Enquirer: 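Mind having a look at this structure? Questions to follow.
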Amino acid sequence: MDVKRRKFLKIAGISAIAGIGAPTAFSTLLKGEVNASSGGGHGEATEKSDAHAEEKVVGKQYGLVINTKKFGQIAGLAEKCTAACHAEHNVPDYGNPKDEIKWIWTESYNHAFQGKSDHKKNDALKNLPILVTCNHCANPPCVKACPTKATFKNKDGIVMMDYHRCIGCRFCMAACPYGARSFNWKNPRETYANGEMKFYPNGINKEFPTRMRGVVEKCNLCAKRIADGKLPSCVEACGDTKGIIFGDINDPNSEISQVLKNTFTIQRNPTTGTRPSVFYII
Amino acid sequence: MLEKALQGKHAYWGWILFLLGVISIGGIFYVFQYFNGLGVTGMSRDVSWGLYISQFTFLVGVAAGGVMLVLPYYVHDFKEFGKITILGEFMAIAAICMCLMFIIADLGQPLRALNVLLHPTPSSMLFWDMIVLNGYLFLNVLVGWVVLHSHYKDAPAPKWIKIFIWISIPWAISIHTVTAMLYCGLPGRHFWLTAILAPRFLASAFAAGPALLLLVALIMKKVANFDAGEKAIQKLTTIIAYAAILNFFFVGLEFFVAYYSELPGHTHTFDYLFFGSHGYDNLVGPMRFSAFIGIVATIMFLIPKCKQNTTLLPIMCIMIFLSLLIDKGLGFVLGGFVPNPLGAIVEYYPTIPELGIVAAIWAAGALILTILYKIVLSVEANKA
Ligand code: SF4
Ligand code: SF4
Ligand code: SF4
């Protein structure tokens with residue numbers, strides 16, 4: 001029942017996107033075909049209106065391909081990525097799980113991929129460290145839920161946060177199906193009497209702002225580094241291993257698109273309809 | 001306490017002082033939270049909403065419950081509700097004020113609350129919730145005041161107010177529907193993702209709201225000579241009974257879908273709430289207690305002997321109210337976060353400051369209610 005309903009909604013949704021110029025989404029649906037050329041040039045045509053049809057692409061969409069095999073092979077690589085990201089972005093360390101803030105971290109296969117089980121699977125899979133972070137969804141529920149547009153999708157497809165607008169209602173945290181968001185329960189800028197930062201034992205990166213208490217934060221796909229022509233910190237931390245590949249998944253000529261085209265990848269929880277832009281090679 | 005409070009001048013002020021005391025203590029805790037952040041609460045990355053939002057959700061229902069008096073009285077001309085309809089409207093005012101306080105208490109950056117208006121975002125259900133809640137507050141203040149004022153002047157209520165009364169009826173439905181939509185539109189939260197949520201919310205609201213009202217009316221009858229009328233009271237018990245039955249019917253349907261389909265996403269939260277899951281069971285006691293007293297009270301509401309027993313009736317009201325408070329004001333919101341999107345279970349325990357703030361907001365609601373009802377009583381006394 002549930003699956004059927006979802007399928008139907010998805011078909012109707014795709015038809016609605018693609019069939020703007022058509023009489024109604026429904027008639028398009030009934031014809032069994034989606035006429036993409038009437039969709040105002042929204043990219044490649046979708047051949048058949050079946051529920052698993054290729055999703056429409058609009059503009060740029062930066063994303064990542066995470067090659068979990070590399071992380072299984074190279075011990076400590078995943079931790080290196082986390083450390084690089086958290087140092088770059090001044091992610092505070094509160095030393096307890098209740099106040100924890102994390103942008104990218106490691107999970108087991110069956111935790112990262114909800115709905116997929118590791119029952120009777122090989123040991124390698126069970127021990128595989130899976131890096132998880134914000135998926136910069138093409139259809140992000142967090143953006144839809146935010147009452148102030150403090151979380152928004154930028155022109156590069158990155159789901160961004162405006163820390164100065166966020167009211168701290170945490171609706172986005174309830175809305176994100178990936179647990180990608182963290183809240184500043186405490187003031188990360190708190191200092192000891194001698195002026196030393198309490199929650200940044202390793203000092204702070206002056207290139208990136210620290211946050212105030214009471215706002216939500218998460219991976220920003222290194223929007224600032226990208227603007228400066230650099231690679232995301234986690235990608236850089238992988239060095240030549242190609243553990244993580246970064247690029248525009250909507251540009252057919254990008255390296256990431258080539259990898260996606262030629263390699264079998266999966267996304268986290270695609271049934272939520274969020275269209276994640278982070279892909280995994282298992 | 002309330003009994004005595006309404007008896008004499010002394011007791012009345014004693015009650016007010018008590019409420020002010022609770023409000024002050026909670027106020028101090030709020031100042032503490034304001035300067036230290038929401039870290040002083042028990043909420044975490046995984047259970048990112050706690051008592052504030054769950055109480056808010058429940059109280060929207062109490063506010064909407066007022067419509068169960070407004071509708072029979074104004075639309076079906078059920079005259080017996082003449083005296084207590086105003087109580088329903090004023091209860092809605094107090095409940096909405098509490099809702100707004102709970103929202104503010106929950107914000108990480110309360111000073112920025114107006115950003116919701118400065119950057120209106122129609123795709124966000126929170127934006128709509130704010131509109132319908134404030135609209136409902138306005139409607140009830142307007143209608144309640146105008147009707148009471150004309151009653152005071154012994155004049156019939158002006159014709160134009162009818163329009164607002166009529167608007168207030170679907171509006172009451174809307175506040176709880178939109179509040180349900182905060183939850184039931186989120187793709188990753190299976191426990192909340194159910195189309196039956198808004199009807200379920202409404203059914204529970206139409207039982208909890210009138211139950212509280214009936215309880216207050218019974219107390220006022222005893223201590224303040226305010227007689228709502230036997231017919232009105234019996235009608236209220238019928239409303240409560242049907243609403244409670246509907247509520248448990250809807251909950252039963254949820255159980256069926258979860259346990260017959262055996263879809264893990266659907267069963268997991270129910271397991272956690274009613275049976276415990278992987279050793280985590282801090283809500284099992286309250287949830288079973290809630291189900292038990294709720295069902296027992298519902299049955300009692302169907303038995304004429306119980307309904308007419310003046311000692312039992314207030315107890316039945318408390319049972320229904322408490323049952324639904326635990327169900328919606330605790331289990332529903334907290335359960336939605338278990339398991340978290342990564343399949344882990346994190347439990348939540350409110351902290352002392354958090355409980356203090358919750359108590360203060362309830363006290364503030366009681367204070368608003370007391371003052372409003374005192375006004376109603378004075379108007380009535382004036383006429384006698
Ligand atoms: S992963 Fe979560 S936070 Fe990131 S874009 Fe998707 S819904 Fe939003
Ligand atoms: S917490 Fe901030 S970013 Fe998240 S929904 Fe609320 S205002 Fe938007
Ligand atoms: S893309 Fe940048 S912000 Fe996101 S996880 Fe990697 S390093 Fe962190």
Side-chain angles (χ1 to χ4, degrees), chain A residues 1-2 5 94 96-102 107-108 110-112 114-115 117 132 139 141 143-150 152 162-188 190 212-216 268-269 271-274, chain B residues 34-49 53 103 106-130 182-183 185-189 192-193 195 257 261 263-266 333 336-337 339-344 346 348:
Chain A
M1 192 64 197
D2 204 31
R5 192 198 62 195
Y94 293 106
N96 71 63
K98 189 174 100 60
D99 299 318
E100 187 178 25
I101 293 182
K102 46 190 178 185
E107 291 280 347
S108 67
N110 61 340
H111 280 171
Q114 284 298 302
S117 107
V132 295
N139 180 24
V143 171
K144 195 158 65 176
C146 177
T148 63
K149 302 191 181 83
F152 60 98
D162 180 342
Y163 306 121
H164 297 280
R165 187 182 283 191
C166 175
I167 59 173
C169 65
R170 310 189 297 293
F171 201 9
C172 53
M173 293 176 79
C176 170
Y178 302 97
R181 298 179 155 259
S182 305
F183 183 71
N184 284 280
W185 300 103
K186 291 188 174 155
N187 178 7
E190 221 170 279
M212 64 283 282
R213 141 171 65 80
V215 299
V216 164
R268 292 177 62 204
N269 217 344
T271 53
T272 51
T274 56
Chain B
Y34 184 85
F35 286 107
N36 289 282
L38 285 164
V40 306
T41 70
M43 293 184 273
S44 64
R45 198 181 184 286
D46 300 293
V47 184
S48 46
W49 281 336
I53 291 296
I103 295 258
D106 188 66
L107 291 185
Q109 289 283 341
L111 294 183
R112 297 181 188 166
L114 284 183
N115 278 1
V116 179
L117 291 180
L118 296 176
H119 310 283
T121 314
S123 70
S124 172
M125 285 301 122
L126 206 57
F127 167 74
W128 291 108
D129 213 29
M130 206 206 54
L182 291 177
Y183 298 98
L186 306 179
R189 308 276 177 186
W192 296 339
L193 190 77
V257 169
S261 72
L263 277 176
H266 287 254
V333 174
F337 291 105
N340 77 3
L342 294 145
V346 176
Y348 154 89

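Only a predicted model underlies this, so the values are computations on that prediction, with no experimental measurement involved. Throughout, protein chains are lettered first and strands after them, A, B, ... in sequence-line order, and every chain is numbered starting at 1.
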Enquirer: How many angstroms lie between CG in B:Leu193 and OG1 in A:Thr272, if you round to the nearest 0.5 Å?
Expert: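 These two atoms lie 10.5 Å from each other.
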
Enquirer: Looking just at side-chain N and O atoms, do A:Arg170 and B:Ser48 make a donor-acceptor pair shorter than 3.5 Å?
Expert: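 Side chains of A:Arg170 and B:Ser48: no pair found under 3.5 Å.
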
Enquirer: What residue in A:Ala150, A:Pro97, A:Cys166, A:Ala112 has the most heavy-atom pairs under 4.5 Å with chain B?
Expert: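 Highest number of heavy-atom pairs under 4.5 Å: A:Cys166.
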
Enquirer: Out of curiosity, B:Phe127 CZ to A:Phe171 CZ, how far, rounded to the nearest 0.5 Å?
Expert: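 Spacing of CZ (B:Phe127) from CZ (A:Phe171) equals 13.0 Å.
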
Enquirer: Quick one: of A:Pro147, A:Pro177, A:Gly115, who has the most non-hydrogen atom pairs under 4.5 Å with chain B?
Expert: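 The candidate making the most pairs under 4.5 Å is A:Pro147.
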
Enquirer: Under a 4.5 Å cutoff for heavy-atom pairs, which residue among B:Leu342, B:Leu38, B:Leu186 has the most contacts with chain A?
Expert: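 Among the listed options, the one with the most contacts to chain A is B:Leu342.
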
Enquirer: Using non-hydrogen atoms only, which part of A:Phe152 is less than 4.5 Å away from chain B: side chain, backbone, both, or neither?
Expert: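 Looking at A:Phe152, nothing touches chain B.
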
Enquirer: Please classify the contact between B:Asn340 and chain A as side chain, backbone, both or neither, with a heavy-atom cut-off of under 4.5 Å.
Expert: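 The answer is neither part of B:Asn340.
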
Enquirer: Is a side-chain N or O of B:Arg112 found less than 3.5 angstrom from the main chain of A:Ile167, in a donor-acceptor match?
Expert: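 Such a contact is absent between B:Arg112 side chain and A:Ile167 backbone.
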
Enquirer: Quick check for you: among A:Ala175, A:Ala174, A:Cys169, which has the greatest number of heavy-atom pairs under 4.5 Å with chain B?
Expert: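 Most pairs with chain B among the choices: A:Ala174.
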
Enquirer: Return the minimal non-hydrogen interatomic distance between B:Ser124 and A:Ala145, and the atom names on each side.
Expert: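 Here B:Ser124 and A:Ala145 meet closest at OG-O, 2.5 Å.
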
Enquirer: Between A:Arg165 and B:His119 (side chain of the first, backbone of the second, donor and acceptor by atom type, cut-off under 3.5 Å), is there such a pair?
Expert: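 Side chain of A:Arg165 to backbone of B:His119, a donor-acceptor pair under 3.5 Å: no, none is there.
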
Enquirer: Using a cut-off of under 4.5 Å on heavy-atom pairs, state which of B:Met130, B:Met43, B:Met125 scores highest against chain A.
Expert: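 It is B:Met43.
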
Enquirer: Considering only heavy atoms, which portion of B:Trp192 lies under 4.5 Å from any heavy atom of chain A: side chain, backbone, both, or neither?
Expert: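 When you check distances to chain A, only side chain atoms of B:Trp192 fall under 4.5 Å.
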
Enquirer: Using a 4.5 angstrom heavy-atom cutoff, name the option from A:Arg268, A:Lys144, A:Arg181 with the most pairs to chain B.
Expert: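 Looking at each of A:Arg268, A:Lys144, A:Arg181 in turn, A:Lys144 comes out on top.
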
Enquirer: What residue, out of B:Gly265, B:Gly188, B:Ser44, has the most heavy-atom pairs lying under 4.5 Å from chain A?
Expert: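 Winner by heavy-atom pair count: B:Ser44.
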
Enquirer: With a 4.5 angstrom heavy-atom cut-off, is it the side chain or the backbone of B:Arg189 that approaches chain A, or both, or neither?
Expert: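 For B:Arg189, the side chain is the part near chain A, not the backbone.
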
Enquirer: Between CZ of B:Arg45 and CG of A:Asp99, what distance do you get to the nearest 0.5 Å?
Expert: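 It comes to 12.0 Å.
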
Enquirer: Who pairs with B:Asp129 by salt bridge (charged side-chain N to carboxylate O under 4.0 Å, His left out), at least two apart in sequence or on another chain?
Expert: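 B:Asp129 satisfies salt bridge (charged side-chain N to carboxylate O under 4.0 Å, His left out) with no residue once adjacent residues are dropped.
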
Enquirer: Within the distance-only criterion (no hydrogens, no angle test), does the side chain of B:Gln109 pair as donor or acceptor with the backbone N or O of A:Arg213 below 3.5 angstrom?
Expert: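 At least one qualifying donor-acceptor pair exists.
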
Enquirer: Is A:Tyr178 in contact with chain B via its backbone, its side chain, both, or neither, using a 4.5 Å heavy-atom distance?
Expert: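 For A:Tyr178, the contact with chain B is made by the backbone alone.
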
Enquirer: Most heavy-atom pairs under 4.5 angstrom with chain A, which of B:Pro122, B:Pro339, B:Gly42?
Expert: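 With the most close heavy-atom pairs to chain A, the winner is B:Gly42.
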
Enquirer: Give, as side chain, backbone, both or neither, the part of B:Leu182 having an atom under 4.5 angstrom from any heavy atom of chain A.
Expert: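 It is both, since atoms from each part get that close.
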
Enquirer: What distance separates B:Leu118 CG from A:Lys149 NZ, expressed to the nearest 0.5 Å?
Expert: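 B:Leu118 atom CG to A:Lys149 atom NZ measures 10.5 Å (nearest 0.5 Å).
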
Enquirer: Under the side chain to side chain contact (heavy atoms under 4.5 Å, CB included) criterion, do B:Thr121 and A:Cys146 qualify, and how do the steps go?
Expert: CA-CA 8 Å; B:Thr121 314; A:Cys146 177; over 6 Å; no

Enquirer: What is the minimum heavy-atom distance between B:Pro341 and A:Cys176, and which atoms define it?
Expert: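 Minimum heavy-atom contact is CG-O, 4.0 Å.
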
